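Read through the structure below, which is laid out as structure tokens, and then see the notes.
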Amino acid sequence: MTRVRFAPSPTGDLHVGGARTALFNWLFARKTGGTFILRVEDTDGARNTEEAAQGILKGLRWLGLDWDEGPDAGGDYGPYFQSQRKAIYDAYLAKLDAAGRVYTEENGAVRFKFSRTPITVHDLVCGDVAFAATEEPDMTVRRPDGSYIFHFVNVVDDIEMKMTHVFRGEDHLSNTWKHIDLFNAFGTTPPTYAHIPLILNPDGTKMSKRDEGSAVEKSYMNEGFLPDAVFNYLCLLGWTPRTEGEKLSREALTNLFDPAEIHNANARFDMDKCKWFNAQYLRALSPEALLAGCRRFIEAAGYEIKDDVMAAAAVFSVKEKVSLLTEIPAWVHYFFRSDYTYENDVLLKLKAKPENAGLLEAAAAGFLSLAEWTEASIQLAIEDAAKSLAAKPGALMPLLRYALSGQSRGPGVNTIAHLIGQESTLQRIERTLALN
RNA sequence: GACCCUGUCGUCUAAUUGGCCAAGGCACCCGACUUUCUAUCGGGGUAUUGCGGGUUCGAAUCCCGCCAGGGUUGCCA
């Protein structure tokens, strides 16, 4: 039975690199039928906040990375906040003391005596990485105030929580020999390691908290990404399932996942590709699901949704135009209000030709006489109106689009007219004709 | 500085593990279509596989050197 964990430190938002680390752990646990554990490493009282901890849980839940043991989930190896495990660490420190592997400094700090032998890390991703006997000073494991250091608690908890594998960022690789030294000192076998490459900015520099795409909540949840899309993109950053297409379900990704195939080169983040994935997932949504996803963005933009069925059809009609949910309001705002403004070039185009008003009037007359208001009947009415003035439908279509939406781009004109209704369609044409 | 990881189109990755002309996605460019488009359709590979040597009939792949990027070297995690 495999047991893996994601062990974030609550010092800020869930970082995209951390999210991917969690993702690989989750994939491995699900693939092997193992257990995914969430452990909060809040040993640095000065930098950890409850808000950050909650934010990380929120981000993980949004991505659908559910944990089997951890905060809110419980489990047999808790507590899952390191700040609540001091007694356990004290006991383990006593073991090291009994073995003569630690000593106390004058100020009270406790240091672990390195074995000072060569240590090789057997890594699923990086292969065997050998480290010569160290010349570094012995490692501090407990501060003078009695609190413990990351390397120590991390190892103790991996022992206590019976971790079989450790998937973590490659930034930990250089320190892993220290962890193995500790496992050995405790007389335990280290878990199998897999150090995954880091995510870099597009320019190859380290991605920090302020960079685009770094924070899960700020850059994805609030920017209109779909969890499945981000999940899919992150999976393929540093790992390839070698399938025909790249849009793959969680189930498929889980089945295909093989940690040995993870790259050991850092990858640059590509927001365009991530958005492309989002566009793919967005288009696969039902009208109802799409509306559910973008509802908060439409309302935040100040548009009131009175009719859910119409709203769902409206957002559905522009799904091919956007890649993010946040882009939808700008495409559909005229469905929710009649006092939309006309884009500048739209006004110019409306007034460009003297015959435009006549065309619109003919369309209005045609619409007025329609007994049945369907996309098909509207389409016919438009064609008839154009024909009556010896014009092509193509000359009238854009004018109607401008009149009904104030925009030069959007879904089909008959779709717009159908959704806003016969009465509103006539009113909008009238309003537009009155502009002159 | 020392140690560790890594270098294939702009970018994410392929390349039957030393064997056809280095392949695909995203991006990009060109064209077409359409009532519009950031859509759709069609076309285009844009690379001296970081650089220089070496081994070999043959190297992206193996070896050496160099360079570049990233990481670690905390009483941060």
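On a predicted model such as this, the values are computed, not experimentally measured, just so you know. The chains referred to below are lettered A, B, ... by the order of the sequence lines, with proteins before strands, and numbering in each begins at 1.
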Point to revise | Donor-acceptor side-chain pairing of A:N154 and A:E41 below 3.5 angstrom | key: yes
Quick note, A:T240 side chain, CB onward, closest among B:C75, B:G70, B:A14 is B:A14
*Touch check for A:V413, heavy atoms < 4.0 angstrom, all strands: base, sugar-phosphate only, or nothing?*
base
Confirm from the modelled atom types if A:K273 and B:G25 form a donor-acceptor pair under 3.5 Å, side chain to base only.
-> yes
Testing B:G70, B:C75, B:C4 for proximity to the side chain of A:L200, the answer is B:G70
request  = Check whether the side chain of A:R47 and the base of B:C76 form a donor-acceptor pair under 3.5 Å.
outcome  = yes
Using a distance-only test with no angle check, is there a side-chain donor-acceptor pair under 3.5 angstrom linking A:S405 and A:R401?
no
query: Can you tell me how far P in B:G65 sits from the matching atom in B:A2, rounded to whole Å?
result: 14 Å
Exercise. Side-chain donor-acceptor pair under 3.5 Å between A:D90 and A:Y148, yes or no?
Worked result: yes
Taking donor-acceptor contacts at under 3.5 Å, does the side chain of A:N107 reach the base of B:C75? yes
Looking only at B:C12, B:U40, B:U6, the nucleotide nearest the A:A265 side chain is B:U6
**Asked** If only side-chain N and O atoms of A:H263 are considered, is one of them under 4.0 Å from the OP1 or OP2 phosphate oxygen of B:U8?
**Response** no
